[in-house]
Asks: 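Questions regarding the structure given below will be posed in turn.
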There are 2 protein chains.
Amino acid sequence: MIVAVDAMGGDRAPGVIVEGALAASKLGVEVTLVGDEKRILAALAPHTSRTPVSVHHCEECIGMDEPPLRAVRQKKKASIRVAFDLLREGAADAVVSAGNSGATLAAGVLSLGRIQGVERPAIASIFPGEKGRVVVIDVGANVDCRPSHLFKFGIMGHAFARSCLGMKDPKIGLLSIGEEGSKGNEQVRQARELFERSRLNFCGNVEGRDLFTGDVQIIVCDGFVGNVALKLTEGMAEAMTRLLESELARSFRGRTAHLFGRRPLRRFKRKIDYEEYGGAPLLGINGVGIICHGGSSARAIKNAIGMASEYVKHRVVERLILQLKSLNEESVPAQA
Amino acid sequence: MIVAVDAMGGDRAPGVIVEGALAASKLGVEVTLVGDEKRILAALAPHTSRTPVSVHHCEECIGMDEPPLRAVRQKKKASIRVAFDLLREGAADAVVSAGNSGATLAAGVLSLGRIQGVERPAIASIFPGEKGRVVVIDVGANVDCRPSHLFKFGIMGHAFARSCLGMKDPKIGLLSIGEEGSKGNEQVRQARELFERSRLNFCGNVEGRDLFTGDVQIIVCDGFVGNVALKLTEGMAEAMTRLLESELARSFRGRTAHLFGRRPLRRFKRKIDYEEYGGAPLLGINGVGIICHGGSSARAIKNAIGMASEYVKHRVVERLILQLKSLNEESVPAQA
């Protein structure tokens with residue numbers, strides 16, 4: 001199995017991407033780095049004399065601030081396009097990118113197409129809730145959504161949770177600002193009606209705090225709200241870790257506590273560190289695509305490559321296709 | 001100075017509201033509890049034989065799930081309406097409510113009217129950023145906003161930060177999902193143009209993580225996104241605190257660390273606990289109104305009453321009116 005990694009995508013590419021790929025290859029995953037060969041080899045040089053990863057050269061790349069759709073259409077030789085083309089041609093089994101996420105989405109759709117029944121692919125992020133994992137969908141692929149899109153995200157999230165996370169009948173909640181049905185904006189109130197008419201295990205509105213409880217297993221929101229939420233939790237986890245350490249450093253007793261608590265504190269930090277989770281699957285395209293944070297570290301890239309490899313092994317896309325097919329037949333209300 | 005408190009508003013009203021009011025009155029704030037006299041007196045009874053707070057009886061109250069505008073119009077004797085009426089008549093100087101926030105907003109506007117130049121009042125929440133306080137506006141009053149509303153929230157936030165928080169030329173950021181101007185939904189992209197044409201100290205898009213840094217002092221968003229963000233941070237703070245404690249409790253060394261670190265851990269918890277901050281000011285109405293979380297504890301209510309009393313003392317509304325007047329003359333682009 002081969003994971004194609006966009007070596008040019010991310011704030012610190014190709015350096016950290018190459019490092020992450022090397023770390024993943026040590027765990028037994030075959031990696032193809034896609035991008036400017038010269039720069040990739042230069043980044044590889046300090047780490048290794050032989051090359052445990054292969055390099056697929058291409059000339060162009062897409063910047064973080066380029067308009068995704070246009071860039072993907074115009075730059076046929078951009079690293080993210082080439083990576084997905086390798087997947088289509090059978091030269092790779094999955095794609096990982098920390099680059100422009102809109103461009104990753106567009107390249108994935110252009111190259112692989114959508115799964116039947118999917119209007120808009122979406123990015124799912126898996127949160128470590130206290131009672132179990134929580135799938136939040138969408139966290140950034142679709143910033144302007146109609147209520148019917150939210151409903152479809154729910155179906156896709158359900159299919160993903162069942163087929164890939166082994167959840168039997170996952171509960172679905174709609175992210176809003178109060179549990180009452182009257183609460184929320186126009187988009188959410190209309191989406192709620194669609195969910196209520198469906199046969200999905202819909203629990204009504206949930207609030208931001210439910211991302212951490214695990215009382216519902218799937219939380220649906222539009223990509224703007226979801227992405228704000230994702231970055232908020234990342235920023236807050238970092239800020240809280242810094243605050244905790246500075247409070248402990250202020251006194252002798254605090255420093256003693258830090259000494260004794262080194263291991264539990266490390267476990268705590270690891271649990272709230274998004275880098276542990278690596279990336280977020282792009283659901284709805286005909287293949288495995290994992291999207292990483294632009295600021296990803298080498299560890300995050302390594303974990304995302306591991307995730308991609310797991311998803312291929314467990315035939316996540318095939319199972320998603322089957323689930324979506326039966327769900328689209330069963331659960332969609334006539335009017336949706 | 002008298003603070004009128006809606007005794008019937010909140011998930012655990014009137015019990016915790018009464019407790020909070022008693023605690024505030026011990027700090028020297030005069031409180032009038034507005035609501036069902038019998039239930040209020042029953043809640044007071046276990047705490048005190050004499051009554052250090054006064055009670056203003058009214059028969060009705062508005063539930064959390066009632067449609068705010070209709071409820072406020074129909075229930076003229078609802079506690080939140082009566083509280084604002086007391087303020088209008090000069091029998092109170094500020095209002096605090098943990099009830100239906102839409103109803104609090106509607107009652108405030110109906111009873112006191114808007115400040116000149118304000119189209120839509122908004123709720124501001126003050127976050128404890130690492131480099132200083134961050135005003136997030138709106139966190140729940142307006143769930144469906146046009147770009148021009150976001151711009152006006154920025155003006156109001158600026159006026160509030162200058163007049164009430166002593167910030168000289170606060171930086172304003174627009175909450176989005178990437179720093180680049182092309183990032184965000186339609187609403188945000190259009191609002192960004194309005195800000196760029198204004199004379200405000202506008203820094204472009206910011207992301208969720210900026211709520212905790214303090215790099216910008218005012219973060220503008222619509223009330224849906226802001227409220228999701230607010231509840232997310234509260235939920236995450238609670239979840240992280242529980243996680244930290246359970247990690248420490250798992251081993252002898254961890255429990256030792258907990259023992260030594262009791263004080264720093266308490267400081268840490270206090271800093272991330274929203275109850276410390278009590279409530280969020282409702283900006284844009286002609287009077288001081290503080291909105292509290294429905295799930296507020298007695299301590300949160302006490303702190304919100306304290307905040308209301310400070311705002312009256314510092315003539316927050318009068319200063320906001322002056323600031324808004326000069327800003328509306330200076331900073332609004334011709335086309336806004």
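Residue numbering restarts at 1 for every chain, and letters A, B, ... go by the order of the sequence lines. Just so it is clear, the model here is predicted, and its values are computed rather than measured. Atom set for the values below is all heavy atoms of this structure, side chains included, hydrogens, waters and symmetry mates excluded.
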Asks: Of the listed residues (B:Pro68, B:Gly178, B:Gly102, B:Gly184), which shares the most heavy-atom pairs with chain A below a 4.5 Å separation?
Replies: B:Gly184
Asks: For chain B, which of A:Arg253, A:Lys183, A:Arg242 has the most heavy-atom pairs under 4.5 Å?
Replies: A:Arg253
Asks: If you count heavy-atom pairs within less than 4.5 Å of chain B, which of A:Ser176, A:Gly129, A:Pro67 leads?
Replies: A:Ser176
Asks: Which region of A:Glu130, side chain (C-beta onward) or backbone (N, CA, C, O), has a non-hydrogen atom less than 4.5 Å from a non-hydrogen atom of chain B, or is it both or neither?
Replies: side chain
Asks: State plainly whether the residues A:Glu66 and A:Lys75 are in salt-bridge range, i.e. N to O under 4.0 Å.
Replies: yes
Asks: CZ/A:Arg120 to CG/A:Leu283 distance, rounded to the nearest 0.5 angstrom?
Replies: 15.5 Å
Asks: Identify which part of B:Arg255 has an atom lying under 4.5 Å from any heavy atom of chain A, answering side chain, backbone, both or neither.
Replies: neither
Asks: In the structure I gave you, are the side-chain heavy atoms of B:Ser296 and B:Val16 within less than 4.5 Å of one another anywhere?
Replies: no
Asks: Quick one: do A:Asp215 and A:Lys171 make a salt bridge, cutoff under 4.0 Å?
Replies: no
Asks: When rounded to the nearest 0.5 angstrom, what distance separates CD1 in B:Ile218 from CD1 in B:Ile137?
Replies: 8.5 Å
Asks: Ignoring hydrogens and angles, write down the donor-acceptor pairs under 3.5 Å from the side chains of residues 219-231 of chain B, residues two or more places apart or on other chains.
Replies:
unit_1   : atom_1 : unit_2   : atom_2 : d
B:Asp222 : OD1    : B:Phe224 : N      : 2.9
B:Asp222 : OD1    : B:Val225 : N      : 2.9
B:Asp222 : OD2    : B:Gln187 : NE2    : 3.2
B:Asn227 : OD1    : B:Lys231 : NZ     : 2.9
B:Asn227 : ND2    : B:Val139 : O      : 2.8
B:Lys231 : NZ     : A:Ile177 : O      : 2.8
B:Lys231 : NZ     : A:Glu207 : OE2    : 2.6

Asks: Please list, chain by chain and in numerical order, all residues satisfying salt bridge (Lys or Arg N to Asp or Glu O under 4.0 Å) with A:Glu60, sequence neighbours excluded.
Replies: none
Asks: Highest number of heavy-atom pairs under 4.5 Å with chain A: which of B:Leu232, B:Leu244, B:Val143?
Replies: B:Leu232
Asks: I need the residue from A:Leu248, A:Asn185, A:Val188 with the largest number of non-hydrogen atom pairs under 4.5 Å to chain B.
Replies: A:Asn185
Asks: Which bit of A:Ser246 comes within less than 4.5 Å of chain B, counting heavy atoms only: side chain, backbone, both or neither?
Replies: neither
Asks: Against chain B, label A:Arg189 side chain, backbone, both or neither, depending on which of its atoms sit under 4.5 Å from a heavy atom there.
Replies: side chain
Asks: Relative to chain B, which of A:Leu175, A:Asp144, A:Asn142, A:Leu211 shows the most heavy atom pairs under 4.5 Å?
Replies: A:Asp144
